[in-house]
J.: 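The structure that follows is given in the form of structure tokens.
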Amino acid sequence: MELLLQQILSGLATGAIYACMALAVVMIYQSIGHLNFAQGEMATFSTFVAWQLITWGFPYWAAFALTVALSFAGGVLIERVVFRPLKDAPALSHIVVFIGLLAIFNNASGFVWDFTIKTFPSPFGQGPMFGAFLNMHQAGMIACTLGMLVLLYLFFSRTRLGLSLRAAAANPESARLVGVRVGWMIALGWGLASAIGAVAGMLIAPGVFLEPNMMLGVLLYGFAGAVVGGLTSPIGAVAGGLIVGVMENLAGTYVPVVGSELKLTIALSLIILILIFKPSGLFGKTLAKRV
Amino acid sequence: MTALLSVHGLTASYGEGQVLAGLDFEVQRGGVTVLLGANGAGKTTTLRAICGMVRREGSIIFDGKPIQNLSTEGVVRLGVAHVPDGRGTFTQLTVDENLQLGAITRRGRKEIEHDIERCFGYFPVLKERRSQQAGTLSGGEQQMLAVARALMLRPKLMLLDEPSFGLAPMIVKQIFDIFRTLNASTSMSMLIVEQNAALALELADHAYLLETGRVVFAGRPDDIRNDPALRRSYLGY
Amino acid sequence: MAIERVSAILFLLAAIAAPMLLSGFFIFQVTMLLVYAIAIMGLNLLTGFNGQFSLGHSAFYAIGAYAAAILMDKFGIGYLWTLPLAGLICFAVGFLFGFPALRLEGTYLALATFGLAVATPQILKLTPLEHWTGGVQGVFVAKPNAAMGLPLTADQWLYYLTLSVFILLYILARNLIGSRTGRALLAIRENPIAAQSMGINVSLYKTLTFGVSAAYTGVAGALGAIVIQFVAPDSFGFMLSVTFLVGLVVGGIAWLPGALIGAAFILFVPNFAEEISKGLSGAAYGVIMILLMYVMPSGAGGIVQSALRAVRAR
């Protein structure tokens, strides 16, 4: 029992990382209807920017805020410059562009800041908490993720801009007919996703060390978490990320012989199993399809 | 009366097929114009062309401004509300949110709340359903919501694409009665595309007949009623 | 039609002459180009013609490669026989995987196939399977010599073998697409519900397509193993799937000859990018990919097809 509890708690700690990234994934999915393969590398790049600012002597929170703002602007810029001209291209072409961006950002991070691992400070410290199951940073990360979730919830449900964003995502043509500038809403979605990704990167980096490939694995789990949660629901994304983290940990501990070698595989199989019985994710809205 | 909307030489095409071959027509300030014609005559495309939802050429003057180069959002922001075929409701959002979206380009929370109440006055059933997902409404209720959502813009011109389509006669009568009230009580103009010609002609002050992307007749509703050939083709008696 | 026939003949002549004109390493590269082209063709059958998205084709490629390597290494089966066997094994795996995939669409199918791609290298590394797979070390494969005493070097022989397999599979795919079955696949891609109501057994066709697509990619994997003479788990990761996908889009979706163009892209452009700048080769590759999508958003196939239309319209 003690072991189970410990495994669940430490699963939640890694799950919080995935949840953070899953939030960013859902954000972009909501505005463009795709998974952005470059999201992890974009977040890594943002984290390097923060690292640079801190190295130059900025206080942590100033660097944090500046990085989030820069990432937001960068996300908007990418949409305007790279994707705007491709808005009528087939969906698979967009995927190639995502992969192109992935290569560019990964390479750029490595070129500017080289491939040696760097430590990244945590604003919460690394001291133990809850009898050594979680450290301060992990607890802070979970709190930040939940805080971000609440902010996003308020933004989407209480503000007119949030409503416009949802309308543009749900039905672009109708959104134009009520005067929503759909093009800018998509750019805004990119900006938000990029900003959330930056927060995720800065929260993740203290636990895993900063280097250009830091997010590769994390993004994969983030995708999985977002899909389990249903891709349309920020709450689902966070829950999905936590579920993936816990399942991965439990598979590693309790599945005999192959458990530790195959923990990702087992977690993914469980996810696929969930999807087969609940094809739109645990928290996704099932939409009636018109024939 | 002066023209609120005047269209000259409007052409539009989907891909390589031209659908409109140079249309001329007008909607008067405070007036109701109806476009009649068989399926495929280009009625829906005409409305979509005005709103910039299809590639179009020619001159479209709305309220003294040329709008043929504006984006859909730009046209809407000048005060043109379009109730498209298929209604264009946001099925995943609530009735309330749909109405809020109708007024998304406007300022002033109080006035918007007031207008929502006004819409609920026209369509009381929407008030009962205000926190339901729009997708769960019946066809008639969705059409009411689509009209109400368009009204939330406080438009100068409302474009209505077959508002009677697929609805029970009772509901159709109710909706057309509201159009009549709106037209009488506000200065809002309407451009209606309808299959139900008799109903539309009762409301209209001008009518145009479209055939394969061209205007083949323009006149007052009485001109159609009094012309035996047109009456038989379009009114069926 | 005439244009297509002429270009097919020109391709054949060039392909047959190629080994006489190229040195050893280039022959190896062109052979790999054909191998990738077969894999991309398989992916095209599934994604391009049937509308099912897959990020898991690296797994089928891996299964084909390991099947060939293990059959040769542990069972002493001749390399030629491993090709159809690898195809059959991958057909079975793909067909079975097609069943859960039936319940999933779009992004969810992407995740499921992605899971397959991520899981495969891990499974190949498993300790209990090490006897067969060689674990992280992988398996070495002997290089076959030219059959029937033909006066060819081993490289040339492998090239012609791969070319023959490519042509055979290309013709099979072309006939499949032109047949009733092909039309059923397209109908399912365009509107599965309408296809169902026309009496097409959507589930059967979709799972079969998964199987056939996996078989193509598996044969490519087997050929790849023979050509490279080595299989190791980490060369068959998720990024290989992404590479196939890039090749598919660059070549053109639902256009079979595009497989060659796409394969050339994924094989040569990274090297070309390396020459532009050593430090920024990845970025250069990314920029080239993005620019290419601006110039031809529907891949090479889109350009060729609209050019053909224009020629015919005159």
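Just so we're on the same page: letters track the sequence lines, and every chain starts at 1. Since this is a predicted model, take the numbers as computed values, not measurements.
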J.: Tell me, for Phe105(A) versus chain C, whether the close heavy atoms (under 4.5 Å) come from the side chain, the backbone, both or neither.
T.: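 It is neither, since no heavy atom gets under 4.5 Å.
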
J.: Does any heavy atom of chain A fall under 4.5 Å from the side chain of Leu55(C), the backbone, both, or neither of them?
T.: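 Interface part for Leu55(C): side chain.
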
J.: Under 4.5 Å from any heavy atom of chain C, what part of Leu101(A) do you find: side chain, backbone, both or neither?
T.: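 Looking at Leu101(A), backbone and side chain both touch chain C.
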
J.: Please round to the nearest 0.5 Å and tell me the distance separating atom CZ of Phe45(A) and atom CG of Leu70(A).
T.: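 It comes to 10.0 Å.
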
J.: We want to know whether His57(C) and Ser213(C) form a side-chain donor-acceptor pair, criterion being a heavy-atom distance below 3.5 angstrom.
T.: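 There is such a pair between these side chains.
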
J.: Look at Ser93(A), Gly110(A), Ala89(A), Ala108(A) and state which one has the largest set of heavy-atom pairs under 4.5 Å with chain C.
T.: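 Highest number of pairs under 4.5 Å: Ser93(A).
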
J.: Give me the ring orientation class for Tyr36(C) and Tyr61(C): parallel if the planes are under 30° apart, tilted from 30 to 60°, perpendicular past 60°.
T.: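 Tyr36(C) and Tyr61(C): tilted rings.
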
J.: Where does the angle between the aromatic ring planes of Tyr18(A) and Tyr221(A) fall among parallel (under 30°), tilted (30 to 60°) and perpendicular (over 60°)?
T.: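 Rings of Tyr18(A) and Tyr221(A): parallel, under 30°.
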
J.: Would you mind checking which part of Tyr29(A) comes under 4.5 Å of any heavy atom in chain C, side chain (CB onward), backbone (N, CA, C, O), both or neither?
T.: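 The side chain, not the backbone.
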
J.: Most heavy-atom pairs under 4.5 angstrom with chain A, which of Val249(C), Leu280(C), Ile288(C), Val118(C)?
T.: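 Ranked by heavy-atom pairs under 4.5 Å with chain A, first place is Leu280(C).
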
J.: Give, as side chain, backbone, both or neither, the part of Thr47(C) having an atom under 4.5 angstrom from any heavy atom of chain A.
T.: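 Just the side chain, heavy atoms under 4.5 Å.
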
J.: Output the distance between atom CD1 (Ile63(C)) and atom OG (Ser58(C)), rounded to the nearest 0.5 Å.
T.: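 Spacing of CD1 (Ile63(C)) from OG (Ser58(C)) equals 9.5 Å.
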
J.: Students often mix this up, so state it plainly: with edges at 30° and 60°, are the rings of Phe223(A) and Phe114(C) parallel, tilted or perpendicular?
T.: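 It falls in the perpendicular class, over 60°.
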
J.: Mark yes when over 12 heavy atoms from residues, nucleotides or ligands other than Phe209(A) sit less than 6.0 Å from its CZ; otherwise mark no.
T.: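 At most 12 heavy atoms, drawn from other residues, nucleotides or ligands, come within 6.0 Å of this atom.
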
J.: Where does Leu220(A) contact chain C at under 4.5 Å (heavy atoms): side chain, backbone, both or neither?
T.: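 Both parts, backbone and side chain.
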
J.: Pick one of side chain, backbone, both or neither for Ile253(C), based on which atoms fall under 4.5 Å of a heavy atom in chain A.
T.: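 For Ile253(C), side-chain heavy atoms alone lie under 4.5 Å from chain A.
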
